[in-house]
Amino acid sequence: MIHGYVKTAAFSPKIRVADPKYNAQVMIELAKEAAAQKACVMVFPELCITGYTCGDLFWQELLLKEAADQLVTIAKQTAQIDAILFVGLPLEYMEKLYNVAAVLHKGQILGLVPKTFLPNYAEFYEARYFTKGMEKTVPVTLPGGMTVPMGTNQIFVCDSMPQLRIAAELCEDVWAPNPPSIRHALAGADLIVNLSASNEGTGKDIYRRSLITGQSARLVCGYIYASASDGESTQDVVYSGHSMIAENGTLLAQAERFKNEIIFAEIDMQKLVSERRRMSTFEQSGEEHYTVTNFSLPMMQTELTRRIDPAPFVPGNKKDRDKRCEEILAIQAMGLKKRLEHTGCKSAVVGISGGLDSTLALLVTVRAFDLLHLPHAQISAVTMPGFGTTDRTYENALHLIQCLEADFQEISIREAVRLHFQDIGHDMSVHDITYENSQARERTQILMDLANKTNGMVIGTGDMSELALGWATYNGDHMSMYGVNASVPKTLVRHLVHYYADTCQDQRLTDILLDILDTPVSPELLPPEEGKISQKTEDIVGPYELHDFFLYYILRFGFSPNKVYRLAKAAFAGLYTDEIILKWLKVFYRRFFSQQFKRSCLPDGPKVGTVSVSPRGDLRMPSDASSRIWLEELDTL
């Protein structure tokens with residue numbers, strides 16, 4: 001449970017219809033098995049103690065009595081388990097039957113949650129037996145004299161982890177137009193459990209999966225759905241045990257149908273709280289109408305079995321990745337198209353280095369010009385060789401411009417920078433930050449002045465990863481008139497260029513783009529060594545795949561350094577040592593805080609994903625905020 005991870009389990013046991021004693025023992029053994037796997041929230045199917053398909057046997061007093069007795073037995077025999085359990089049974093109250101979820105913890109029955117919506121159509125006849133559940137809790141006396149609250153409006157809160165606030169609904173409740181889980185979530189529940197008995201039908205699993213993932217996304221919650229299995233009667237229908245665990249729209253685990261599986265998943269409660277915290281439209285209300293019951297669980301380090309994606313900005317599936325790339329290129333091009341239309345600019349100026357970022361900026365500019373039905377010749381693609389330019393990047397820049405039929409211009413900055421060094425008294429042999437930044441600012445000056453000559457617009461090339469690290473020369477490559485790459489992380493830039501190479505249907509352009517992709521990332525501001533790039537960005541600031549990972553979890557969810565470090569170790573196990581990850585994590589935090597002043601005055605640019613560093617978009621951060629508490633936590637790792 002440290003870092004907010006709660007290990008959960010959903011069961012689809014093979015039961016016997018109308019045999020509560022047998023079913024109870026099956027459930028007890030399964031609970032112990034899940035406890036050995038450190039699961040601390042366990043959910044069984046609807047009416048699991050008796051079976052969902054008892055039919056008119058629900059009216060048999062003997063069945064109801066044994067079901068209640070076996071509920072007490074389950075509670076007692078799971079008393080040593082550090083978990084909260086949800087089990088289903090029929091329960092009589094005031095001469096009416098209710099389909100309830102019983103909540104068990106450490107030998108106690110904390111509450112009974114009755115079903116709200118009783119299906120009585122097609123193959124379902126629940127209204128024949130059961131009564132709709134009441135919202136306000138009422139006291140119910142169980143065998144042995146235990147009095148327990150029963151009502152739909154109940155939330156169970158973990159003392160040791162206040163983010164774990166659980167509420168329950170049953171099967172049809174989530175299929176209804178106004179599920180109880182909506183008011184549960186608005187009253188503060190972060191985890192919804194659903195005890196279900198959903199029979200199979202052709203294609204029903206697809207709808208069921210979309211329903212559960214969609215509900216978890218809409219409510220920004222964890223959702224555990226435990227469904228009845230083939231132990232149920234097959235007199236008229238079949239049950240498959242299609243259990244699922246979801247987190248804010250993401251399916252974490254899913255049972256293979258017809259297999260009676262236990263599924264496990266760790267739900268990140270901190271992530272859910274972070275998401276709700278930033279959503280001004282998630283307005284909590286109605287908590288005063290709820291009965292809150294507390295329970296305790298031991299704080300422990302939950303072992304992560306869920307996959308931590310080392311590239312959170314990049315879909316792992318090629319089909320999804322290609323779709324994402326096409327969407328992003330369209331967003332970038334449409335953003336630039338609108339800006340050109342609004343300003344009346346008929347030309348654009350792009351500095352082309354032969355590197356990834358400027359390549360992507362030129363490709364986007366070409367797309368925007370195609371949308372405006374403007375000739376590519378009105379794009380001024382400018383190469384500006386300096387002291388660090390290599391033949392490889394120069395040739396790639398030249399061939400790229402020619403292939404895209406843009407207007408090629410070459411303006412060497414060497415003499416202008418030498419004269420500038422003389423003016424400011426800088427020694428050419430001193431390759432310091434002045435030596436580097438003077439070149440970057442000279443290039444920006446050239447681009448701006450060329451844009452003035454043609455009534456054009458300078459298109460920015462810098463990406464979001466560089467901006468997060470402050471890896472840009474202030475008022476140099478940091479500045480443009482529209483930054484098309486401003487919210488594209490470096491790891492995604494590569495895939496966008498590769499996607500273009502794969503889909504452009506021009507073999508010459510494909511070959512050029514593939515060679516650019518194979519070129520080390522470098523600002524090329526220091527003289528080459530034996531004709532090759534001597535200055536590799538990732539040797540200086542660290543691997544971009546690490547920094548993009550840090551950036552995602554720090555900005556998207558506000559995770560602490562400790563948790564980001566833990567996730568990075570899991571994601572990059574075998575690729576980077578723990579010491580290397582920690583080293584670059586410290587670099588990220590130091591640079592991110594110290595370089596905010598560069599992000600506070602960024603040019604406009606389109607947001608393309610869930611993270612942005614724009615001062616007008618997602619990031620409202622003071623330029624002089626202290627980084628002390630984050631760095632102090634890093635020092636303890």
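Heavy-atom basis, side chains included; hydrogens, waters and symmetry copies ignored.
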For the pair [X] and [Y], find out whether any cationic side-chain nitrogen is under 4.0 Å from an anionic carboxylate oxygen.
{"X": "Arg306", "Y": "Asp268", "result": "no"}
{"X": "Glu633", "Y": "Lys563", "result": "no"}
{"X": "Lys490", "Y": "Glu545", "result": "no"}

Side-chain polar contacts of residues 85-104 - donor-acceptor pairs under 3.5 angstrom, sequence neighbours left out - could you list them?
residue: Asn99; atom: ND2; partner: Glu46; partner atom: OE2; Å: 2.6
residue: Asn99; atom: ND2; partner: Glu126; partner atom: OE1; Å: 3.4

Check: Asp230: what forms a salt bridge (charged side-chain N to carboxylate O under 4.0 Å, His left out) with it, not counting sequence neighbours?
Finding: none
Notebook entry, point to check: Which residues satisfy the salt bridge (charged side-chain N to carboxylate O under 4.0 Å, His left out) test with Asp309, sequence neighbours excluded?
Noted result: Arg307
Notebook entry, point to check: What pairs meet the salt bridge (Lys or Arg N to Asp or Glu O under 4.0 Å) rule with one or both residues in residues 67-89, with sequence neighbours excluded?
Noted result: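 Found Lys65-Asp69, Asp82-Lys106.
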Notebook entry, point to check: Tell me, which pairs form a salt bridge (Lys or Arg N to Asp or Glu O under 4.0 Å) where one or both residues lie in residues 158-177, sequence neighbours left out?
Noted result: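 Output for this query is empty, none listed.
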Check: Please, which pairs that meet ring-ring contact (aromatic ring centres under 6.0 Å, His included) have at least one residue in residues 26-79, sequence neighbours excluded?
Finding: Phe11-Phe44, Phe58-Tyr129, Phe58-Phe130, Trp59-Tyr129
Margin query: Looking only at the aromatic ring of each residue, does the gap between the centers of Tyr290 and His184 stay below 6.0 angstrom?
Written below: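 Under 6.0 Å, so yes.
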Notebook entry, point to check: Phe264 ring centre to Lys38 NZ or CZ under 6.0 Å, with the angle to the axis within 45°?
Noted result: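 No, a cation-pi geometry is absent between Lys38 and Phe264.
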Next item on the list: Using distance alone, with no hydrogens and no angle criterion, decide if Thr291 and Thr137 have a side-chain donor and acceptor under 3.5 Å apart.
Entry: yes
Check: Should the ring pair Tyr553 and Phe549 be called parallel, tilted or perpendicular, given that the plane angle runs from 0 to 90° and is split at 30 and 60?
Finding: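 Aromatic pair Tyr553/Phe549 classed tilted.
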